[in-house]
A.B. asks: 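Input: one structure, supplied below.
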Amino acid sequence: MDNYDFKKIEENWQLIWENNKLASCDVTQSENNFYNLCMYPYPSGDLHMGHIRNYTIGDVITRYKKKLGFNVLSPMGWDSFGLPAENAAIKTGIHPKKFTEDRISNMRDQIKRLGSLYDWDKEVAAHDKNYYKWTQYLFIKLFENKLAYKEDAPVNWCTSCKTVLANEQVIEGNCERCDSEVTKKNLNQWFFKISSYSEELLQGLHDIGDWPENVKSMQENWIGKSSGVQFNLKINGSELDFDVFTTRPDTLFGMTFAVMSPEHKLMNKILSLSPNSKEIQSYIDVAKSKSEFERMSITKEKTGVDTGLKVTNPINNKSVPLWIADYVLINYGTGAIMAVPGHDERDYEFAKKYNIEIIQVIIDKDQKIDISSKPFIEKGVLINSGDYDGLNSHDEASNSILNYLSKKDLGERKVTYRLRDWLISRQRYWGCPIPLINCTKCGLVPESLDNLPVLLPEIDDYKNSEDSPLAKSEDFLNTKCPDCGSDGIRETDTMDTFVDSSWYFLRYLDSQNQNFPFDKNIINSWLPIDQYIGGVEHAILHLLYSRFFVKALRDINLLDVDEPFHNLFSQGMINFGGTKMSKSKGNVVDPESYFATHGADALRLYILFMAPPSDGVEWNDGGIEGTKRFLNKFWDNMARVSDLQIQKTIGEDDLVRSMNQTIFSVTRHLEKFEFNTGVSDLMKANNEISKYLNENSTVSEETKDFVFNTMCNLLYPFSPHISSEIYNLFSKKDISALKWPEFDESNLSNPSYELVIQLNGKKKFTKVVNTGTSQQEAEEACEVTFNIKASDYKKVIFVKDKIINFIG
RNA sequence: GCCCGGGUGGCGGAAUUGGUAGACGCGACGGACUUAAAAUCCGUUAUUCGAAAGGAUGUGGGGGUUCGAGUCCCCCCCCGGGCACCA
């Protein structure tokens, strides 16, 4: 047949679904709810292939679950605060609000053209004052519960964006957004206390629902739990002491020096005490001037300076020198270490360079290893360790030495995490203002809840120098203290946009609520989200922050759930020309053009069919013709099925069985998110129908209906417009009301199969036999047809309905 | 370096519990229809030897377990992703 008029059909059905409120969900219902969520997009203005993939997968689930009888909630919204709108404003003068809202309306149209069902009544946008009012409300609640705090800290500063960044947003020393250099700066900044949840965030990963292994492992790595011992070192001839953390207390006898990070809080005292204070001061100055990346680079040669001071090893009272070196990081552990060059690569490199003594305290079982050319970090037995000689390294010796230290009150077991508190201040305009006021009398106080939202002020110039753009508005800046009425000055930073996205899925459930961010009861009945679907690029940032947010809100009694997302599905990225599609690389493939040339249904089907959805793929539109061809053939076949004369026909039993097998298989694939094979099942079934139609012109009424209903129904989640159209055309009914088809379990297997006949494990012949054939019958058949006598062989292995193997 | 994935035809990719490797689609080739082309339909398409019948090889490489391995075990190579001076 000719190409069907997909443009007309798709527009028509989208209108019908909208008018019938097909996507509308009553959230007050308490039974059979299914919260199906796709990550809300940043409104860049244009839908890209990643969105198409995400929202197609989401829609397959929505429509499938609806057909199973679930009350499905599938909302959509906008992650609409963020830098691009502000940069565009600087460049073009268009106000970020207008810029953003124009783009939202364009993107909303594109999403609708894809045909995915969203309950638009629940739409939220992060930049909307009815939304960010509640972001501010939640911020204040966190502040009141000491989960948000302001502190001086060395922070990541992007020299180009002129804003601070969270650790999670620094990639190899560069800004995640603009790739510019990130430096360290000491600033008074806002943090969320995510680190108090380290252990729970880690443990939660074990009993969460179905999450991809790689995402769990990325979060695990990021949290970075490590167990060891923390103990105290005293600086000889002074009152000074400091803690060090180690995972290898078993190597304590091998400590030949100690190292402090240049940023260590004791540094001023060290300077006054040390005979080498000049050298130390200049070393600190140099370290400060280096970029974060230079400092962290593993390839860099280690540097340091001897303080001339000594510390005492608590296990043997030996004095060892104290050094300052920037290979010890202030942010991890205690910012100081015991250095055991014999058994640690970094300490070894340092000791070699500065000619510091290296002692071997662990030897392998064969007593062969020596450490003259490299440190020994594997398991072995202790030597040169006094009473501990002969103990096994790592666990056994560590426990003994820990016991000694804790008995003497010198040290204790300690768990450290790599995860640090979440820095959320941003020196930018287009974000949610931090609703705190610096009162001249009371200090830092939250804006009164009645005065929320703290609105973003109008300003003329969005460029930020060293200060936040909001500081340019006097009207915004100067205010009165909500507690005492004295003069106050507002905070001028805005929040990281990941704060907005840490709770949007809660607001969807109650987006019109004027009194609270959401109704606790509704949240409790809908969370955790049954299925969350989004890109793997959010594995750490958004997914970890949201998990923290929900736990924090639980602890301040705003909701009663532990985890936001029960099942998570991460779709792979779509690349083009070997790399990620991006405007700056000019390799963006625009989905719009395919709406026009092939239609949304063909594009959806192709994007599902091209690869397993969790895999990354290289975009290649060669195959979209194939899915288009399939849809044409499908329509043609359904029309021909409808035209068949009514009369029971011999071949139709096979067709009925094939339909049963297809229902079984498509259902199984949908449940496992294997959409590519689900589509191929439909193609196979379509081919079966073609075959039947070429050989027959009649069918029983029952089979005709079964084939027609089943095929349209199975295609519906994948390509909903065309299946709705065909079903309506030939049956005058609405397919969305049709329940997901059931299969007849007794009619799944074929009456006969090809028995594989092997001799000594090698396939030699095949023979068609009845399903259920016994070993004896199979042996007889082999003898009759191929003259293979079971008695000539030592052993016969028979697997029912599969193979027979003669051995010997 | 560490932690996750993964490696199957010309290409994208299929293969319940170990049981006919290559489903489905793309591309290619041959044929039908057509004045012609497109579209459509039918057929062929892992490699290799062979005219054919038929044989041999084959899931990154090497070893192993098994009647039988893409699938399980050990070692190695390569690719993608994440983390990375984390003590």
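Labels below follow one simple rule: chain letters A, B, ... track the order of the sequence lines, proteins then strands, and each chain is numbered from 1. Given the structure is predicted, the values throughout are model-derived calculations rather than measurements.
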A.B. asks: Considering only side-chain heavy atoms of A:W222, which listed nucleotide, B:rC83, B:rC24, B:rA87, is closest?
C.D. replies: B:rC83
A.B. asks: Go through B:rU20, B:rC24, B:rC3 for me and flag the one nearest to the A:S217 side chain.
C.D. replies: B:rC3
A.B. asks: Within the 3.5 Å criterion, strictly below it, is a donor on A:D681 or A:T662 matched to an acceptor on the partner's side chain?
C.D. replies: no
A.B. asks: Rounded to whole angstrom, note down the C1' distance from B:rG12 over to B:rG63.
C.D. replies: 33 Å
A.B. asks: Do A:H598 and A:E625 have side-chain atoms, one donor and one acceptor, less than 3.5 Å apart?
C.D. replies: yes
A.B. asks: What distance do A:N660 atom CG and A:T710 atom OG1 have between them, rounded to the nearest 0.5 Å?
C.D. replies: 8.0 Å
A.B. asks: I want to check something: taking the side chain as every heavy atom from C-beta on, are A:W635 and A:I722 in contact at a cut-off of under 4.5 Å?
C.D. replies: yes
A.B. asks: Supply the atom-to-atom distance A:F664 CZ to A:E745 CD, rounded to the nearest 0.5 angstrom.
C.D. replies: 8.0 Å
A.B. asks: Indicate, with a heavy-atom threshold strictly under 4.0 Å, whether A:P212 touches base, sugar-phosphate, or nothing.
C.D. replies: nothing
A.B. asks: Among B:rC4, B:rG19, B:rA87, which is the nearest nucleotide to the side chain of A:N805?
C.D. replies: B:rG19
A.B. asks: A:F350 CZ to B:rA87 P: how many Å, rounded?
C.D. replies: 19 Å
A.B. asks: Considering only heavy atoms and no angle criterion, is a donor-acceptor pair shorter than 3.5 Å present between the side chain of A:K216 and the base of B:rC4?
C.D. replies: no
A.B. asks: Nearest-Å distance, NZ (A:K767) to C1' (B:rG19)?
C.D. replies: 20 Å
A.B. asks: Taking the P atom of each, how far is B:rC72 from B:rA15, in whole Å?
C.D. replies: 14 Å
A.B. asks: A:F609 side chain: which of B:rA87, B:rG13, B:rG25 is closest?
C.D. replies: B:rG25
A.B. asks: Are the charged groups of A:D654 and A:R657 less than 4.0 angstrom apart, N to O?
C.D. replies: yes
A.B. asks: Counting only heavy atoms from other residues, nucleotides and ligands, does the tally under 6.0 Å from NZ of A:K414 exceed 12?
C.D. replies: no
A.B. asks: Could you tell me how far B:rG1 sits from B:rC76 if I compare only their P atoms? Round to whole Å.
C.D. replies: 12 Å
A.B. asks: If you restrict it to nitrogen or oxygen atoms, what contacts under 3.5 Å exist between nucleotides 53-58 of chain B and the protein, and what is each distance?
C.D. replies:
unit_1, atom_1, unit_2, atom_2, d
B:rU57, OP2, A:K762, NZ, 3.4

A.B. asks: A:T771 and A:N750: side-chain donor and acceptor closer than 3.5 Å?
C.D. replies: no
A.B. asks: If you count every heavy atom of other residues, nucleotides or ligands that lies below 6.0 Å from A:K691 atom NZ, does the total exceed 12?
C.D. replies: no
A.B. asks: Are a donor atom and an acceptor atom from the side chains of A:N760 and A:Y793 found within less than 3.5 Å of each other?
C.D. replies: no
A.B. asks: Roughly how many Å apart are B:rU71 and B:rG9, using the P atom of each and rounding to a whole number?
C.D. replies: 15 Å
A.B. asks: Examine B:rA84: is either OP1 or OP2 under 4.0 Å from a nitrogen or oxygen in the side chain of A:R418? Give yes or no.
C.D. replies: yes
A.B. asks: Could you tell me whether A:G626 contacts a base, only the sugar-phosphate backbone, or nothing, with contacts defined as non-hydrogen atoms closer than 4.0 Å?
C.D. replies: sugar-phosphate
A.B. asks: Report, one pair per line, the protein and nucleotides 15-18 of chain B atoms (nitrogen or oxygen only) whose separation is under 3.5 Å.
C.D. replies:
unit_1, atom_1, unit_2, atom_2, d
B:rU16, O2, A:R668, NH1, 3.4
B:rU17, O4, A:K802, NZ, 2.9

A.B. asks: Looking at B:rC41, which nucleotide sits across from it as a Watson-Crick or G-U wobble partner, both distances under 3.5 angstrom, or is there none?
C.D. replies: B:rG31
A.B. asks: State the syn/anti category of B:rG9 according to its glycosidic angle, syn meaning within 90° of 0.
C.D. replies: syn
A.B. asks: Roughly how many Å apart are B:rC11 and B:rG27, using the C1' atom of each and rounding to a whole number?
C.D. replies: 7 Å
A.B. asks: Say you pick atom P in B:rU20 and the same atom in B:rA39; how far apart are they, in whole Å?
C.D. replies: 38 Å
A.B. asks: If you count the non-hydrogen atoms of other residues, nucleotides and ligands that lie under 6.0 Å from CD in A:E695, is the total more than 12?
C.D. replies: yes
A.B. asks: Can a donor-acceptor pair be found between the side chains of A:Y417 and A:S195 at a distance below 3.5 Å?
C.D. replies: no
A.B. asks: Please figure out whether A:M610 or A:I337 has its closest RNA chain B nucleotide nearer the 5' end.
C.D. replies: A:M610
A.B. asks: From the list B:rG25, B:rG82, B:rA21, which nucleotide is the closest neighbour of the side chain of A:K763?
C.D. replies: B:rA21
A.B. asks: Can a salt bridge be assigned to the pair A:E345 and A:K374 using a cut-off of 4.0 Å between side-chain N and carboxylate O?
C.D. replies: no
A.B. asks: With hydrogens left out and only the distance checked, is there a donor-acceptor pair under 3.5 Å joining A:N221's side chain and the base of B:rC83?
C.D. replies: no
A.B. asks: What about A:F350 and A:F257, are their ring centers closer than 6.0 Å?
C.D. replies: yes
A.B. asks: Going by atom types only, do A:S774 and A:Q776 share a side-chain donor-acceptor pair under 3.5 Å?
C.D. replies: no
A.B. asks: To the nearest Å, give me how far apart CH2 (A:W635) and P (B:rA39) are.
C.D. replies: 21 Å
A.B. asks: Of all the nucleotides listed (B:rC85, B:rA87, B:rG25), which has the minimum atom distance to the side chain of A:N687?
C.D. replies: B:rG25
A.B. asks: Any strand is fair game: report the nucleotide pairing with B:rG10 by Watson-Crick or G-U wobble, both distances under 3.5 Å, or none.
C.D. replies: B:rC26
A.B. asks: Provide the distance between the two C1' atoms, one in B:rU45 and one in B:rA23, to the nearest whole Å.
C.D. replies: 15 Å
A.B. asks: Tell me whether the OP1 or OP2 atom of B:rA14 has a side-chain N or O from A:N676 closer than 4.0 Å.
C.D. replies: yes
A.B. asks: List, with names and distances, any nitrogen or oxygen atoms from the protein found under 3.5 Å away from nitrogen or oxygen atoms belonging to nucleotides 27-31 of chain B.
C.D. replies:
none

A.B. asks: Write down the partner of B:rU57 under the Watson-Crick or G-U wobble criteria, each distance required to be under 3.5 Å.
C.D. replies: B:rA46
A.B. asks: Measure from the side-chain heavy atoms of A:Q758 and tell me the nearest of B:rG19, B:rG82, B:rA87.
C.D. replies: B:rG19
A.B. asks: Using Watson-Crick or G-U wobble geometry with both distances under 3.5 Å, which nucleotide pairs with B:rC2?
C.D. replies: B:rG82
A.B. asks: If you find the nucleotide of RNA chain B closest to A:T246 and the one closest to A:V679, which residue's nucleotide is nearer the 5' end?
C.D. replies: A:V679
A.B. asks: When the P atoms of B:rU8 and B:rC3 are considered, how many whole Å apart are they?
C.D. replies: 24 Å
A.B. asks: Using whole Å, what does the distance between atom C1' of nucleotide B:rA87 and atom CD1 of A:I330 come to?
C.D. replies: 13 Å
A.B. asks: Measuring from the side chain of A:I540 (C-beta onward, heavy atoms only), which nucleotide among B:rC85, B:rG82, B:rU20 has the closest atom?
C.D. replies: B:rG82
A.B. asks: What's the closest nucleotide to the side chain of A:Y327 if the choices are B:rA23, B:rC85, B:rA87?
C.D. replies: B:rC85
A.B. asks: Any Lys/Arg nitrogen of A:E213 or A:K216 sitting under 4.0 Å from an Asp/Glu carboxylate oxygen of the other?
C.D. replies: yes
A.B. asks: Starting from P on B:rG80, measure out to CD on A:E213 and report it in whole angstrom.
C.D. replies: 23 Å
A.B. asks: Measure the distance from OH on A:Y606 to P on B:rC24 and round it to the nearest whole Å.
C.D. replies: 18 Å
A.B. asks: Within this structure, what is the NE2-to-P distance between A:H542 and B:rG82, rounded to whole angstrom?
C.D. replies: 18 Å
A.B. asks: Counting side-chain heavy atoms from CB outward, which of B:rC3, B:rU20, B:rG19 is closest to A:I803?
C.D. replies: B:rG19
